[in-house]
Amino acid sequence: MAFIAVALICAIFADFEITTVHPWQELTRLLHGVVTPDFYATDNLGGALAYTLAFALLGVAFGNVFGFILSLLFFSRIVRTGCAFVRAVHELFWALIFLQLFGLSPLTGILAIGIPYAGIIAKVYAEILEEADPSPLQAMPPSTGRMSAFLFVRLPDAWAHFTTYSMYRLECGLRSSAVLGFVGLPTLGFHLESAFSQGLYSEVSALLILFYLIIASMRVWMRRFALPVYLIGAAAILPWGLSFTADNIWRFLTHDIVPYPLRAAPAETGETLARLNEWLQTMLFEQALPGAAITIQLTMIALVCSGLLTLLFFPLISPLLLGRSARTLGHTCLVIIRSTPEYILAYVLLQLWGPSMLPAIVALALHNGGIIGHLVGRYTEAITLRVDACRGIRRYAYEILPRVYRQMLALLFYRWEVIMRETAILGILGISTLGFYIDSAFADLRFDRAVFLILVTALLNIAVDIISRQIRARLRLQTRMERQ
Amino acid sequence: MQSTRTIPLIATILTISLFSVTAIAEPFVFTAIPDQDESQLRERFGKVANYLSTTLGVETKYIPVKSYAAAVTAFRNNQVQLAWFGGLSGVRARALVRGSQALAQGAEDSAFETYFIAHASLGLKEGKAFPKGIAGTTFTFGSKGSTSGRLMPEFHIRESFGESPRKIFDRVGFSGDHSRTIALVQSGSYKVGAVNFKVWQRELKEGKIDLKKVKIIWRTPPYPDYQWSVRGDVDKTFSVGFMDKVRAALLSMKDPDLLKAFPRSSFIPATNSDYKPIKDVARSIGLID
């Protein structure tokens, strides 16, 4: 595969150095913390939990409502492009932008989750509606109105899919909500970051355990009839007291994000243009291009490593290869691996190994390998083998792998764009991908630069999305049942 | 989840919340840049908030923020009216809010210093001159927006080598805060770092620093740093003369338990012009436009 070759070339130039002197000592302390969780160390822990849930619920509800409306307009090119754009920008970048507009007001968190999710949900719902069985619609009398045909024929059919997908999105929303704490929203991530940076690992493990419990118990507490209560409750507990003004928003949109040379002193047109040119050159050659190069390099390595880990992970939950008790253990491992947001995983590894590409690659590969491994493992449940099929490693290599290989590739290409988006974000942690320069721009309060770089990142994601779709079409890879 | 049935509900919630944000009577709110260990920040600054509430006779609240930039943004957007800024963040914040004033600084802040610290394995000794021997090693700043952890050390590095830190060092990092800078250099993750001298002294006293592993190799010339800054419109929002009352309250903060939060021995008056050197340095190395 050309991709493996690309990844190898990327790997040659990559920076894998472990810079901490005593990484194992720190790891021992971390493991000690894991077995001695301290649930009383965090002040206002209840609040952090409640906010994490509230932002996730309201953000996903917002995304669902607008995503649904947009999915009905998905035939329009403008809507499609708009959705592709909003989902190409990561929640954390949206949060950094909205922090400027609304400050620490709850709107920041809700919109940071809701807007990109609306873009993703619109696409998925549109696909669901499109793939729905056309026969009930054809059975309708020709006089049926469009509205009633939609409400009574198409919607009921798609509804079950919508519900399933929404549950999945809520799980993602919980992860996003927790991670938003890293940039200052009062969710679990806020305390997680503080605890991590000071090496308070017992507190860290308590926070993570609570987080896993919330996600694992989601199917128990998330009930249709309870949803309105949750939403009202969520809106009620958020601290709405912080004010923001229309002036701030207007100033940000019309002044702050305009490239500096254009809003500086009204010089002559020629001089302004020259300065703008200089600004663009600096941005492109010193930040956007180096950042993009590292982002692509890291993405490619992480993609191939995710594939390799998938090969290792999926047998863990496959009934064709392992017995019941071993599978239960496998499931538990995969759940933990894939419910930990890759941002948090990368953060942990960075603390242990110091800033190089290694923590980012391992984090991305583990998280994505965990997700794809889970899906591929599930595929194998549908395979029936001959009674006299070979066993052990041969069964794995000759019977199962060839049967799931195409799906696995399809899933990998599907996650490619997700990995790219996440790679950019990891720059905030200090690896010099695009996120590093974006974070620096925000730290310097240079929002013109930040927005410019976010646009570059979004374009890169959109490009990868298009390439991946073409490859999948060319190889006729099917991606059903797996989405994002 | 249900989509259609929840539409009106969400719409209502959003509308109510949009209106409610502008309607609530505001308390006086302050924040502080997160420059060191964040644990118990809420508790430490909670005490300062109580002190200000009693002294000013206005309900005063502290809100924690995650970054220097977030502190500046909150100040700019009037979500906080008072802030404990570093030199650079203060300059940035006051440039964005017309009429805002530096009110008071710590007694130590008129002549603040940055210590360059190095891992013992480098074998560098403390000297009067800038330690040129650090070229080619690894270096960590503090936060990207810090005066003592970024601005001043970067200025001296550029002045001594005539090049950007990225060209001089094998690896350049931003630890995030001063406590972490010390921890990273002590563990050898980075060989050299730049740290706020007050945080160094405090951690030394608390026994967190092992001088066999990490030591000071250079002290920068003094410069003005941290200060309390207040928005120019507080007199209008709260009461006539409110700004003077805040200044007086800060200057008369004598309880060592409160001062420990900063950590400073006392507060002395400060003005915007005290920070002109910081502004000039920031502009000279391209950190502000």
Side-chain angles (χ1 to χ4, degrees), chain A residues 17 19-22 26 43-44 58 60-62 64-65 67-68 99-100 102-107 155 162-163 166-167 169-170 181-184 190 193-195 197-200 222 224 227-228 231-232 235 238 240-245 248 260 264 354-355 430 439-440 442-446, chain B residues 1-7 9-11 13-14 16-18 20-24 26-27 29 34 37-43 63-70 72-74 76-79 92 96 119 121 138 143-145 171 173-174 176-177 179-180 183-184 187-190 287-289:
Chain A
E17 198 183 341
T19 52
T20 43
V21 177
H22 305 293
E26 203 63 20
D43 53 44
N44 202 11
L58 291 174
V60 174
F62 178 98
N64 242 314
V65 173
F68 176 69
L99 275 173
Q100 297 306 320
F102 311 120
L104 289 168
S105 154
L107 264 192
L155 197 56
F162 286 177
T163 320
S166 297
M167 280 302 273
R169 265 295 124 196
L170 184 61
F182 280 74
V183 295
F190 190 97
E193 207 259 354
S194 307
S197 64
Q198 294 155 51
L200 306 172
M222 193 63 231
R224 185 169 293 202
L227 184 61
L231 289 175
I232 294 173
L238 287 175
W240 292 101
L242 288 169
S243 66
F244 58 87
T245 59
N248 284 337
Y260 178 72
D439 181 57
S440 303
F442 275 111
D444 291 349
L445 306 162
R446 285 167 160 159
Chain B
M1 252 193 290
Q2 304 158 272
S3 302
T4 39
R5 229 183 286 172
T6 49
I7 294 177
L9 184 72
I10 307 278
I13 293 172
L14 281 179
I16 294 173
S17 25
L18 276 172
S20 63
V21 280
T22 45
I24 296 169
E26 318 270 322
V29 189
D37 267 7
E38 284 168 49
S39 60
Q40 320 313 327
L41 265 189
R42 211 184 280 265
E43 188 201 320
I63 55 167
V65 291
K66 221 34 180 181
S67 67
Y68 287 48
V72 176
T73 302
R76 178 189 203 187
N77 292 351
N78 201 12
Q79 294 182 325
R92 280 176 168 152
L96 293 169
H119 193 253
S121 64
T138 55
S143 162
K144 285 173 183 170
R171 188 188 289 277
F174 294 92
D177 65 50
S179 307
R180 247 188 285 180
L184 286 173
S187 77
S189 299
Y190 286 93
L287 276 180
I288 50 181
D289 285 317

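Residue numbers begin at 1 in each chain, while the letters A, B, ... track the order of the sequences. What you see is a predicted model, and the numbers here were worked out from it, not measured in a lab.
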Worksheet item: Residues in ring-ring contact (aromatic ring centres under 6.0 Å, His included) with A:Phe190, at least two apart?
Response: none
Fill in: Side chain, backbone, both or neither of B:Ile288 within contact of chain A (heavy atoms, under 4.5 Å)
backbone
Worksheet item: Of the backbone (N, CA, C, O) and the side chain (C-beta and beyond), which part of B:Tyr68 lies under 4.5 Å from a heavy atom of chain A, both, or neither?
Response: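 Contact with chain A: none, neither part.
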Worksheet item: Tell me, side chain or backbone of A:Leu99 under 4.5 Å from chain B's heavy atoms, or both, or neither?
Response: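 For A:Leu99, backbone heavy atoms alone lie under 4.5 Å from chain B.
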Practice prompt. Please determine, among A:Gly184, A:Gly430, A:Ala443, the option with the most heavy-atom pairs under 4.5 Å with chain B.
Written response: A:Ala443
Fill in: A:Asp439 to B:Lys144 - nearest heavy-atom pair and separation
OD2-NZ, 2.7 Å
Discussion item. Given 3.5 Å as the limit, does a donor-acceptor pair link the side chain of B:Asp177 with the main chain of B:Ser179, or not?
Written reply: yes
Item to complete: Using side-chain hydrogen bond (donor to acceptor under 3.5 Å, both in side chains) as the criterion, list what pairs up with B:Ser143, not counting sequence neighbours.
Response: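 Once residues adjacent in sequence are excluded, B:Ser143 has no partner under the side-chain hydrogen bond (donor to acceptor under 3.5 Å, both in side chains) criterion.
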